[in-house]
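Both backbone and side-chain heavy atoms feed into the values below; hydrogens, waters and symmetry mates do not. None of the values given here were measured: they were computed from a predicted structure.
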Amino acid sequence: MKDFEKLYYLHKEELYRYLFGLTHDPEQAGDLMQETFLQAMLGIGRFRQESSVRTWLFAIGRNLWLKEMRKRRETVEYDDLLETYARQTLEETAANRETLHRIKRLMRQKDERVNLVFSMRVSGYSYAEIAQKAGISESSARVLEHRTRVWLKQQMEKGGGK
C-alpha cells in the first residue's frame, strides 16, 4: 500500500493536468483522476510492465473519460477525438522514445552478460530461457535482472543517461 501511495504522489499532478486537458472541467478531471487510481489499485496485478506506469495510468484515465463520454451520450466529433488521441499518442511516443534512448545509453555501462539478461527479459523470455542462453542459473538471471532494474531506476531518477 505504501508503494501505491508513492505512485499516487508521483503521478497525481501530471495525471490531473492530462485529464483536465481532456475534460476542460476541473471537477470532472478530479473525479476521473480518483477513479483512475482506484482502477489502477484494483488492477495492479494485471500490470505487465510493458509500458511505464505513467503511460498505463494515462491509458486508464483516457479509457475512463471515453467511457464517461459514451455513457453521457455526448456528441463528440470524430475529428476532435482523433486529434486528441493523436496528440496524446505522439506525446507519449516521444516521451517513451527519449526514455528508451536514456536506458540504452545507461546500459552501455554494463557488461555483455547483464545486457543479455536484461534485453532477453524485456523481450519476454523466461528466466529458464535466459539462464540457458547466458550459461547461468535461473536465480542468477533473476538477481541480475532485478539489480539492473533497480540500478536503472536510480540512474533515471538522478537524471543519468542524458
Side-chain angles (χ1 to χ4, degrees), residues 1-74 76 80-107 109-110 114 117-127 139 141-162:
M1 191 62 150
K2 209 101 160 114
D3 287 339
F4 200 82
E5 189 176 317
K6 188 187 292 185
L7 181 87
Y8 172 79
Y9 286 109
L10 185 63
H11 295 285
K12 72 176 184 165
E13 290 176 20
E14 192 175 20
L15 179 62
Y16 174 82
R17 284 192 304 269
Y18 171 75
L19 294 169
F20 181 73
L22 293 175
T23 64
H24 305 290
D25 177 352
E27 188 173 314
Q28 185 181 15
D31 291 346
L32 282 171
M33 184 183 74
Q34 288 178 356
E35 183 65 22
T36 298
F37 279 108
L38 175 63
Q39 292 301 315
M41 188 171 13
L42 295 172
I44 194 78
R46 294 186 306 270
F47 178 55
R48 297 184 307 242
Q49 298 180 352
E50 293 173 356
S51 64
S52 69
V53 172
R54 176 189 173 276
T55 301
W56 179 61
L57 289 170
F58 279 39
I60 293 171
R62 180 178 53 239
N63 290 337
L64 288 170
W65 172 69
L66 289 170
K67 183 178 176 182
E68 192 170 296
M69 296 296 279
R70 284 191 296 270
K71 192 184 327 177
R72 290 180 178 188
R73 300 216 186 273
E74 292 180 13
V76 178
D80 292 341
L81 194 57
L82 183 60
E83 179 186 335
T84 300
Y85 180 74
R87 183 173 10 95
Q88 293 157 359
T89 302
L90 288 173
E91 290 170 3
E92 289 171 4
T93 300
N96 288 341
R97 188 174 296 130
E98 177 56 31
T99 300
L100 179 61
H101 289 302
R102 288 177 65 197
I103 290 171
K104 284 181 177 181
R105 284 190 294 271
L106 287 165
M107 288 304 293
Q109 299 174 31
K110 295 296 187 180
V114 171
V117 170
F118 188 73
S119 66
M120 285 183 74
R121 188 63 186 157
V122 168
S123 298
Y125 287 91
S126 71
Y127 288 110
S139 62
R142 288 178 192 276
V143 168
L144 276 174
E145 190 259 346
H146 173 74
R147 287 180 180 166
T148 303
R149 283 188 189 271
V150 168
W151 177 79
L152 277 171
K153 182 180 177 188
Q154 291 170 345
Q155 295 302 307
M156 296 293 281
E157 288 172 355
K158 289 193 305 191
K162 286 188 175 179

For Lys104, which residues count as a side chain to side chain contact (heavy atoms under 4.5 Å, CB included) partner, sequence neighbours excluded?
Leu100

Rounding to 0.5 Å, atoms CD (Gln155) and NZ (Lys158) come to a distance of 4.0 Å

Let me confirm one number: the CG-CD distance from Leu152 to Gln109, rounded to the nearest 0.5 Å.
9.5 Å

Those residues that, when tested against Ser126, pass side chain to side chain contact (heavy atoms under 4.5 Å, CB included) (two or more places apart)
Ala128, Glu129

Val114 and Met107, any side-chain heavy atoms less than 4.5 Å apart:
yes

Would you sort out whether Glu68 and Gln28 count as a side-chain hydrogen bond (donor to acceptor under 3.5 Å, both in side chains), showing the intermediate values?
CA-CA 10 Å; Glu68 192 170 296; Gln28 185 181 15; 2.4 Å; yes

Leu19 and Phe58, any side-chain heavy atoms less than 4.5 Å apart
no

Flag the pair Arg149 / Lys153 as yes when at least one side-chain heavy-atom distance between them is below 4.5 Å, and no otherwise.
no

State, to 0.1 Å, how close Ala141 and Val117 come at their nearest heavy-atom pair, and which atoms those are.
O-CG1, 3.6 Å

Taking side chain to side chain contact (heavy atoms under 4.5 Å, CB included) as the test, write out the residues that go with Glu27, two or more places apart.
Asp25, Asp31

Approximate separation, where rounding is to 0.5 Å, of Tyr18 OH and Leu32 CG:
10.5 Å

Set of side chain to side chain contact (heavy atoms under 4.5 Å, CB included) partners for Glu35, sequence neighbours left out
Leu38, Gln39, Leu64

For residues 7-14, which side-chain donor-acceptor pairs fall under 3.5 Å, sequence neighbours excluded?
residue, atom, partner, partner atom, Å
Glu14, OE1, Arg54, NE, 3.3
Glu14, OE2, Arg54, NE, 3.0
Glu14, OE2, Arg54, NH2, 3.3

If we only count heavy atoms from C-beta on, is the Lys110 to Phe118 side-chain gap below 4.5 Å?
no

Kindly write out the residues that satisfy side chain to side chain donor-acceptor pair (under 3.5 Å) with Tyr16, not counting sequence neighbours, or none if the list is empty.
none

